[in-house]
Amino acid sequence: MRQILTKRKRFVLKKREIIEGKITAYDFPNKGSFELDGKKIIVKGALPGQTVSCMISKVRKDKAEARLLDVLEKSEIEDAAPQCPQFGICGGCTYQTLSYANQLTLKADQVKKLLDGVIDTERHPYEWDGIIGSPVITAYRNKMEYSFGDEYKDGPLVLGLHKKNSMYDIVPVCDCVIVSEDYNKIVAYTMEFARSHQLSYYKKMQHTGLLRHLVIRQSKTNGGLLVNLVTSTDGLSHLDLNAYADGLLSLPLAGKIVGILHTENDSLADAVISEKTTLLYGSGAIEETVLGLRFQITPFSFFQTNTKSAEKLYDKARSYVGETKNKVIFDLYSGTGTIAQILSPVAKKVIGVEIVEEAVEAARENAELNGLSNCEFIAGDVLKVIDTIEEKPDLIILDPPRDGIHPKALLKIIDYGVDEIVYISCKPTSLARDLVTFQEHGYFVRKACAVDQFVNTCHCESIVLLRR
């Protein structure tokens with residue numbers, strides 16, 4: 001029987017030991033902590049104010065990491081009942097026991113804490129604009145990637161999201177509250193189709209089996225749905241794609257299915273990768289409207305997953321950019337070119353750089369769709385591409401992936417010497433790391449804010465205006 005520790009004068013923590021404590025500190029992303037005899041105990045998934053039971057998983061000299069086992073006492077900020085029957089089991093949402101007001105406060109405090117941890121606020125004070133909440137707090141996502149697998153080892157096939165703290169177990173999610181009911185109906189139908197046709201799911205360790213992922217996109221502008229079934233080629237002859245598509249089209253949905261696709265993926269990576277994509281029905285894209293501009297979104301396009309909140313994000317970024325008349329703007333890590341196209345009507349020229357070629361092609365098509373002739377989009381790695389661009393920027397917009405900016409690329413960006421840089425980040429810890437380098441080279445934060453794109457989760461976007 002494991003020993004449960006509460007308080008004792010001196011001890012040596014060991015792996016798999018169970019302890020209890022009250023969470024007194026909280027850091028991004030979703031890491032609570034408390035002290036036990038001078039040692040910091042970090043508990044992922046624990047909220048500030050909770051009293052928890054946890055099991056030690058890693059031990060270091062001055063700290064230890066522990067896995068949350070049980071919440072013994074709720075936090076005073078937990079003032080809501082979970083809306084989802086899978087809450088606490090599914091690894092998706094983490095904040096459903098918090099009212100939305102408390103979610104926003106918690107996220108804003110985390111972002112501000114990260115920024116203040118790397119900024120000398122006495123010498124370089126900045127304007128903190130707080131957090132911008134999402135206009136919609138349920139059914140807000142316009143894209144979901146579901147995985148096929150089993151709910152427990154050697155169990156029946158299910159389709160859903162990864163179980164909390166698990167790389168393998170899948171939780172069926174047919175009542176998810178962060179997507180529209182159309183998603184839930186498509187997921188339920190697809191799981192039943194797979195079971196009734198005795199189709200196998202792909203096993204990541206053995207690299208055998210057929211069904212891998214289901215990707216659904218839905219336009220928040222017109223409700224159009226795009227469904228992409230992702231499989232390996234192992235047993236593909238057993239899959240009747242036409243029957244699957246016919247069943248989808250017969251579902252009683254609020255929106256209309258505008259396209260059904262099948263993607264073949266035999267790569268070893270546990271990710272949605274297209275080695276061959278076939279259009280089974282309709283169109284290969286949905287259309288969204290953001291701040292008056294139209295965007296064609298394909299299965300593999302990067303696009304903000306909360307359309308209504310993205311409008312708030314881009315509008316705030318545009319306000320940080322300020323006057324753009326007669327300026328050349330670099331939009332680095334441009335995705336499908338949303339920011340570039342929002343700024344182009346009031347700029348001399350906008351040049352976007354994005355490593356995903358499919359996204360660049362979509363950006364070019366979207367610019368043509370919107371009648372914008374002063375946008376140029378270049379496919380390639382920012383680190384290499386900016387050496388080949390003849391124009392020099394007057395202003396730089398950065399919207400890098402979660403890991404932030406490559407250190408060498410960051411130095412090249414700084415070498416342009418522009419007066420202002422607007423940095424949009426989907427991972428505040430990466431932003432904080434990059435800010436250290438910016439400050440070492442004379443760029444300091446003048447304005448900053450958080451933007452909530454991911455209601456009920458621990459994730460948060462942030463925007464900063466850097467001035468030389």
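- Tested against P299 for a side chain to side chain contact (heavy atoms under 4.5 Å, CB included), the candidates L226, V272, I216 yield a single pass: L226.
- The existence of a salt bridge linking D387 and K412 is confirmed by a sub-4.0 Å separation between a basic side-chain nitrogen and an acidic carboxylate oxygen.
- A side-chain hydrogen bond (donor to acceptor under 3.5 Å, both in side chains) with T231 is found for exactly one of H262, E264, H213, namely H262.
- Dense packing is recorded around CD of E275, with more than 12 heavy atoms of other residues, nucleotides or ligands lying under 6.0 Å away.
- Around the NZ atom of K112, the shell of radius 6.0 Å holds more than 12 heavy atoms that belong to other residues, nucleotides or ligands.
- For E288 and S219, the side-chain atoms include at least one donor-acceptor pair closer than 3.5 Å.
- Side-chain contact, N456 with Q103: a donor N or O sits under 3.5 Å from an acceptor N or O.
- With K39 contributing its side chain and K61 its backbone, the two residues share a donor-acceptor pair below 3.5 Å.
- Surrounding NZ of K44 are at most 12 heavy atoms belonging to other residues, nucleotides or ligands under 6.0 Å away.
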Exercise for the section: Kindly determine whether T233 and D266 satisfy side-chain hydrogen bond (donor to acceptor under 3.5 Å, both in side chains), including the steps that lead there. Expected result: CA-CA 7 Å; T233 57; D266 284 323; 2.7 Å; yes

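- Surrounding NZ of K312 are at most 12 heavy atoms belonging to other residues, nucleotides or ligands under 6.0 Å away.
- In this structure, a donor-acceptor pair under 3.5 Å is present between the side chains of H207 and Y202.
- The line from CG of N306 to CD1 of I137 is 11.5 Å long, rounded to the nearest 0.5 Å.
- T105 places no side-chain N or O within 3.5 Å of a backbone atom of N102 that could act as its donor or acceptor partner.
- Side-chain contact of T121 with D116: a donor-acceptor pair under 3.5 Å is absent, judged by distance alone.
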Handout entry: side-chain hydrogen bond (donor to acceptor under 3.5 Å, both in side chains) between D182 and Q218, intermediate numbers included
Key = CA-CA 9 Å; D182 286 348; Q218 184 169 33; 3.2 Å; yes

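- Checked by atom type and distance alone, the side chain of Q96 pairs as donor or acceptor with a backbone atom of Q83 at under 3.5 Å.
- The existence of a salt bridge linking K63 and E65 is excluded, since no basic side-chain nitrogen approaches an acidic carboxylate oxygen closer than 4.0 Å.
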Practice task
Starting from the C-alpha separation in whole Å, work towards a yes-or-no answer on side-chain contact (heavy atoms from CB on, under 4.5 Å) for L431 and L114.
Solution key: CA-CA 9 Å; L431 169 64; L114 279 169; over 6 Å; no

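- Inspection of the D234 and T208 side chains reveals no N or O donor paired with an N or O acceptor under 3.5 Å.
- Around OH of Y126, the count of heavy atoms belonging to other residues, nucleotides or ligands within 6.0 Å exceeds 12.
- Other residues, nucleotides and ligands place more than 12 heavy atoms under 6.0 Å from the NZ atom of K185.
- Within 6.0 Å of CZ in R67 there are 12 or fewer heavy atoms belonging to other residues, nucleotides or ligands.
- By the neighbour-count criterion of 12 heavy atoms within 6.0 Å, atom CZ of R123 is sparsely surrounded, having that number or fewer from other residues, nucleotides or ligands.
- By the 6.0 Å and 45° rule, K308 does not stack over the aromatic ring of Y140.
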